[in-house]
Amino acid sequence: MSDSKARGMFANVADKKKSSKRGPLVSQNEIEDGDKPFPSAKSAPSPSAVASKPSAPAVQSEHSPSSAVSKDGEYRVIDSKLIRTWKFKDRTVDELQHDPKYSELLASVRASGVLEPILVRALPEPDSNGCLYEGIAGFKRLSAATALGQSIRALVIDVDDVKGAVIQEQENAGRSEPSAWGRATNYLRLLDGGVYTTQTQLADGLDINKSYLSNLLRVARRMPEDLVKSLPLTKLGSTSLIYMITKLDAVEGSAKEALIDRIVEFADDFNAKPEKASDIIDKAVASLSEDSRKASGPASSVYQSQKGKTLTVKAKDNQVAVTFHEGALAVASVEDITDAITEYLAKKGLSLEQVQKKK
């Protein structure tokens, strides 16, 4: 069977020339919204739905007499326990828990099942957990079916990781897309796993803006583990994630560790108002700076001469207090000192005028 024919209704998905960034490679008539719950597999789809899709092979069941692993291009109803998640999936279980629509999907699947097929590929042999397939696209639907112990319709396709990544990216376009953090970590896995060898190859292969990709990879590589464990990163947008890394990169050493700890203290704020993440980061930075200022107190310098204590300079907030002691007044009058200071400031461009003279 040819490669395009083997993929059935997804023919040419991975090879089609894209006309714009993230443009859909699969038309809406070819596959429905992956987040939408459908009637049970026991129910027949509506005539209009049937008419809008290419004809599909008869559905086989893993529990039927012909239960051998299916070949490319075949629809099957598969026990969800027999499908393992793909290591290059762009969503996480944690992300699903933060998705307000996931509970609705679970309720719908519990009531009526999922009809829209996911995409899987057959494993060469059962893995250590007895799985026969690997999910390529439809992670949310598969997770719901697995959580409920249901079987799920799947289209078996014969694709490598490169084509699988393209299909996954395009299936999400314009729908309930993965979080920025999910994308960032998955793009890094695709590079580290050798699916793509360079950032340029990855950007071109998945039709991603190169600057956007570079920033997300920076986020994935530099996000401290303490923040990964403590913050709801899947709820934050790409702008907030990039801003967080920029603030962290501006400091180093103990100052960076202190900032990480302070950001963790604001975890509840990030969870409650993720859309305000950049403002929360600013609050964390400001509060840390204020604590440091209070801890250090006003900067103070004391000068002595052969005549004893001569000069004290204290800096606090935006003010500097200068005290001339006996040692200074022994050699210069108040007028001499005032003239020296005003002459210096005048040379710096300030135009001074005495507005009050205290007696």
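Distance check, rounded to the nearest 0.5 Å: CG of Leu105 to CG of Leu148 gives 9.0 Å. With rounding to the nearest 0.5 Å, the separation of CZ in Phe139 from CZ in Arg91 is 8.5 Å. Atom CD1 in Ile118 sits 11.0 Å away from atom CD in Glu116 (nearest 0.5 Å). Put simply, CG on Leu231 and OG on Ser240 are 11.5 Å apart, with the number rounded to the nearest 0.5 Å. The CG atom of Leu142 sits 11.0 Å away from atom CD1 of Ile136, with the distance rounded to the nearest 0.5 Å.
Side-chain contact of Gln304 with Thr310: a donor-acceptor pair under 3.5 Å is absent, judged by distance alone. In summary, the side chains of Asp336 and Ser333 do present a donor paired with an acceptor at a separation below 3.5 Å, with no hydrogens or angles considered. Judged purely by distance below 3.5 Å, without hydrogens or angles, the side chains of Lys235 and Asn271 pair a donor atom with an acceptor atom. A side-chain donor-acceptor contact under 3.5 Å links Tyr243 and Asp282.
Inter-residue side-chain proximity for Thr323 and Leu311 is flagged as unmet; no heavy-atom pair is nearer than 4.5 Å. Counting heavy atoms from C-beta outward, Gln150 and Ser80 have side chains that stay 4.5 Å or more apart. The shortest side-chain heavy-atom distance between Gln170 and Leu206 does not fall under the 4.5 Å cut-off. No side-chain heavy atom of Trp181 sits under 4.5 Å from any side-chain heavy atom of Leu216. Between Tyr133 and Arg84, the closest side-chain pair of non-hydrogen atoms is not below 4.5 Å. Looking only at side-chain heavy atoms (C-beta outward), Arg218 and Ile242 come within less than 4.5 Å of each other. When side chains are defined from C-beta on, Val219 does not count as touching Leu233, because their heavy atoms never get closer than 4.5 Å. Here the side chains of Leu248 and Leu227 are in contact, with some heavy-atom distance below 4.5 Å.
For Arg221, the CZ atom counts as densely surrounded, since its 6.0 Å shell holds more than 12 non-hydrogen atoms of other residues, nucleotides or ligands. Heavy atoms from other residues, nucleotides or ligands lying under 6.0 Å from CD of Glu275 number more than 12. Applying the 6.0 Å contact sphere to OH of Tyr303 captures no more than 12 heavy atoms from other residues, nucleotides or ligands.
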- Task: For Lys89 and Glu95, run salt bridge (charged side-chain N to carboxylate O under 4.0 Å, His left out): C-alpha distance rounded to whole Å, both residues' side-chain angles, the deciding distance at 0.1 Å, then the answer.
- Result: CA-CA 12 Å; Lys89 69 183 187 309; Glu95 181 173 344; over 6 Å; no
- Derivation of the salt bridge (charged side-chain N to carboxylate O under 4.0 Å, His left out) call for Lys273 and Asp279: CA-CA 10 Å; Lys273 295 183 177 181; Asp279 293 336; over 6 Å; no
- Message: Would Asp161 and Arg121 count as a salt bridge (charged side-chain N to carboxylate O under 4.0 Å, His left out) here? Give the steps.
- Response: CA-CA 10 Å; Asp161 287 336; Arg121 66 182 177 190; 2.7 Å; yes
- Message: For a side-chain contact (heavy atoms from CB on, under 4.5 Å) check, start with the C-alpha distance between Gln199 and Leu191, then their side-chain angles and the critical distance, and finish with the verdict.
- Response: CA-CA 7 Å; Gln199 283 188 213; Leu191 284 174; 4.0 Å; yes
- Go through the steps to decide whether Leu132 and Glu125 satisfy the test side-chain contact (heavy atoms from CB on, under 4.5 Å), and finish with yes or no. CA-CA 7 Å; Leu132 303 177; Glu125 58 185 24; over 6 Å; no
- Could you give me the CA-CA distance, side-chain angles and deciding distance for Glu171 and Arg141, then say whether salt bridge (charged side-chain N to carboxylate O under 4.0 Å, His left out) is met? CA-CA 13 Å; Glu171 197 209 29; Arg141 283 164 283 165; 2.6 Å; yes
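Taking both residues in full, the closest heavy atoms of Val77 and Ser151 are given as CG1-CB, 3.8 Å, listed atom of the first, atom of the second, then distance. Minimum heavy-atom separation, Ala165 to Trp86: N-CH2, 3.4 Å. Residues Ile78 and Ala154 share a closest heavy-atom pair of CD1-CB, 3.9 Å. Pro117 and Leu155 make their closest contact through CB-N, 4.1 Å (heavy atoms, listed as atom of the first residue, atom of the second, distance). Between Val120 and Ile83 the shortest heavy-atom distance is CG1-CG2, 4.0 Å.
The pair Asp269-Lys276 does not meet the salt-bridge criterion, since no charged nitrogen lies less than 4.0 angstrom from a carboxylate oxygen. Ion pair Glu265/Arg262 flagged as a salt bridge, since at least one NZ, NE, NH1 or NH2 atom sits closer than 4.0 Å to an Asp/Glu carboxylate oxygen. Between Glu177 and Arg183 a salt bridge is recorded (basic side-chain N to carboxylate O distance below 4.0 Å).
Checking side-chain atoms of Glu169 against main-chain N and O of Asp207 turns up no donor-acceptor pair under 3.5 Å.
No path of Ile, Leu, Val, Met, Phe, Trp and Tyr side chains, each step under 4.5 Å between heavy atoms, connects Val331 with Phe324, placing them in separate hydrophobic clusters.
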